[in-house]
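Single-structure report; data block below.
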Amino acid sequence: MPGLADLVRPAAALAARGALEVHALAMGARAGLLAPESPQRLAAVARAIDRYGPIGSAIVIAGLRHGERTALVDERGSVTFAQLDRRSDALACALRDRGVGAAEGIGVLCRNHRGLLDITFAATKLGARALYLNTDFAGPQLREVCAREGVDLLVCDEEYTELVESIEAPRGRLLAWTDGPPGDDTLDALIAAHDGEVPDAPDGRSSVVLLTSGTTGTPKGAPRSQGRSLAPMGALFSKVPFRGRESTYIAAPMFHALGFAQSIVAIGLGSTIVTHRRFKPQAALEAIAEHRCTALIVVPVMLQRMVACIEAQPGRFDVSSLRIVFVSGSQLEAELARRGRAAFGDTLYNLYGSTEVAWATFATPEDLREAPGCAGRPPFGTTVRLYDGDGRPVVGPGRRGRIFVGNTFQFEGYTGGETKDVLDGLMSSGDIGHFDEAGRLFIDGRDDDMIVSGGENLFPGEVEELLLTHEAIEEASVIGVDDPEWGKRLAAFVALKPGRELSEQEVKDFVKGNLARFKVPRDVSFVDALPRNPSGKVLKRELQEQHAT
């Protein structure tokens, strides 16, 4: 017979979940995502959610609520919400005619433009599985990932035609973007041929597979089904003041978790997405001024380049319309946070999370004023705890530990069958960090970045943070390399600002003057730029290879 505790625990969990959903509803209403509707429109909204889930229904609902408002501006011009919904209907019908069915895999190799949204929403209306591929992949990586993830149809931009020739896709290949007239194998041609058609309800719920960054190895597939919880919306809107019917410049790649999620958020809010296929800081700043964008979505390296533009040409760019500069994808260093505040004002919001755990903490402008470089605090309903190497909780300001996160939107395990470490129901983020006295989280580095040199624990991130404060240094990355005497030693890679000079010894002296002697890099290499993936993360495996040669 169940005891009292066995009855109380489920009831408490149910009450907590109910409170989370009520909170999310309140945050959604405040942002303008939810609004009073007529009974007819409410029925249409409910039908769309039931058919297509949160992602697919976002464009259907936006088409109903914001029909003739501009949904997207790219190099081809603008498209309305109603047009975008109609395009994905037509494309879904065309793909179904080609034999693409529920649960089949659609590989998407696209830059930021309408074609990526067309295939995204068409896939949800088919109940298909969409796999978003990194536009920086080389041919062998693409072949490996497509074979492993089961790609039945490959959708790519024309520029990748040669790159994907050797990839076998049973349903063939289609072009999402071409600079010439649309041929028969383009999304535009299929959309035109099936314009006005509406797909039947899919046989199953679609899913999205986003790839991990692959900074230390082969990118893994992290699938995420479309749940029914409103908690992701509540977490975001409780910390970041997005509002409906505004305008968002998305610089971050839309195949990446940050750009993908924010494009869906913008669609759901009825906000216009402004984007370019290739990121150029000056073009982005000019577009923000032209379209009076209220939000900017960037990874830190993009922010760095936009800040450098503003610093080089004071008064040249009008960014006064921006209320939100939303940064994620890799660590926002303290010095960049300070420079970002000077360039954009008190508009910076920093999300810390990962493809696997989704969100963990948000840093608001107030957090970044008081503690530049912090990752902020967990939103309502999210738990973040630190554990030591033996799985014991780490408590107290300044004490380092492995970061574990609990929320309602974590991934379901890698497509290869592995998963992340889990303790007490919380999932590892893969990072090491500490809290300050105010409860703000700081990221000290990857849990596999820490090295032991001569018996001392070293975190490269601490040295990187310091190097970035040097007036001559634009970029810096520090890695651990083998050392016959000490076991490991630090090696620094430094990119200088234009026109500046710095010697290896000056770099070492700068670190020595600010940190303990054993934290001074013994090797310093000067590079034109650090190798990064499209989300801005430094590819430290390439630095390891470079150091070895």
Side-chain angles (χ1 to χ4, degrees), residues 13 16-34 45 48-50 52-62 120-121 124 130 132 205-210 212 222-244 248 250 252 254-271 273 295 297 324 326-329 349-364 375-384 404-413 420 425-427 429:
R17 185 58 181 266
L20 192 61
E21 299 301 331
V22 169
H23 173 266
L25 282 169
M27 295 300 101
R30 187 175 73 177
L33 185 68
L34 307 175
V45 167
I49 294 173
D50 182 61
Y52 307 130
I55 295 175
S57 66
I59 189 57
V60 178
I61 296 168
T120 292
F121 293 125
T124 62
Y132 295 86
R205 184 64 62 86
S206 68
S207 63
V208 166
V209 181
L210 299 171
T212 61
R224 201 178 294 279
S225 61
Q226 296 192 65
R228 299 183 183 275
S229 172
L230 298 174
M233 171 187 72
L236 176 66
F237 295 153
S238 69
K239 290 290 188 175
V240 190
F242 288 105
R243 296 293 181 264
T248 298
I250 298 183
M254 290 183 186
F255 67 75
H256 179 260
L258 172 63
F260 180 84
Q262 289 304 314
S263 65
I264 302 302
V265 167
I267 294 290
L269 287 172
S271 290
I273 296 171
I297 313 299
I324 299 166
F326 191 71
V327 190
S328 189
Y349 293 81
N350 182 26
L351 163 66
Y352 167 63
S354 70
T355 305
E356 296 90 344
V357 306
W359 70 89
T361 57
F362 293 82
T364 65
R377 311 171 218 239
F380 181 80
T382 298
T383 300
V384 178
F404 283 74
V405 181
N407 59 42
T408 62
F409 202 57
Q410 293 169 347
F411 86 136
E412 302 146 14
K420 299 287 283 188
L426 309 180
M427 182 176 290
S429 72

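In what follows, residues are counted from 1 in the order of the sequence shown. From a predicted model like this one, the values you see are computed outputs, not experimental measurements.
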First locate atom [atom1] of [X], then atom [atom2] of [Y], and finally report the distance between them rounded to the nearest 0.5 Å.
X	Y	atom1	atom2	result
L25	R30	CG	CZ	13.5 Å
I264	S57	CD1	OG	9.5 Å
I55	I49	CD1	CD1	13.0 Å
R205	D50	CZ	CG	7.0 Å
I297	L351	CD1	CG	10.0 Å
S354	L210	OG	CG	11.5 Å

Closest contact, heavy atoms only, [X] versus [Y]:
X	Y	result
F362	P379	CE1-CG, 3.8 Å
A62	I267	CB-O, 3.5 Å
E21	A231	OE1-N, 4.0 Å
V405	S429	CG2-CB, 4.5 Å
G234	H23	O-CE1, 3.8 Å
A19	F380	O-CE2, 3.9 Å

For [X], which residues count as a ring-ring contact (aromatic ring centres under 6.0 Å, His included) partner, sequence neighbours excluded?
X	result
F255	none
F237	none
F326	F242

Point to revise | Any T120 side-chain heavy atom under 4.5 Å of I59 side chain | key: no
Review point. Does the side chain of I324 reach to within under 4.5 Å of the side chain of P241, using non-hydrogen atoms?
Key: yes
Point to revise | Pairing residues for T382 by the side-chain hydrogen bond (donor to acceptor under 3.5 Å, both in side chains) criterion, not counting sequence neighbours | key: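 W359.
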Point to revise | Those residues that, when tested against Y349, pass side-chain hydrogen bond (donor to acceptor under 3.5 Å, both in side chains) (two or more places apart) | key: none
Check your understanding: With no hydrogens and no angle check, is any side-chain donor or acceptor of T361 less than 3.5 Å from a backbone partner on A375?
Key -> yes
Point to revise | For Q262, the option from I273, T248, L236 that meets side chain to side chain contact (heavy atoms under 4.5 Å, CB included) | key: L236
Practice item. Under the salt bridge (charged side-chain N to carboxylate O under 4.0 Å, His left out) rule, collect the residues that match up with R377, sequence neighbours excluded. Key: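 R377 satisfies salt bridge (charged side-chain N to carboxylate O under 4.0 Å, His left out) with D367 only.
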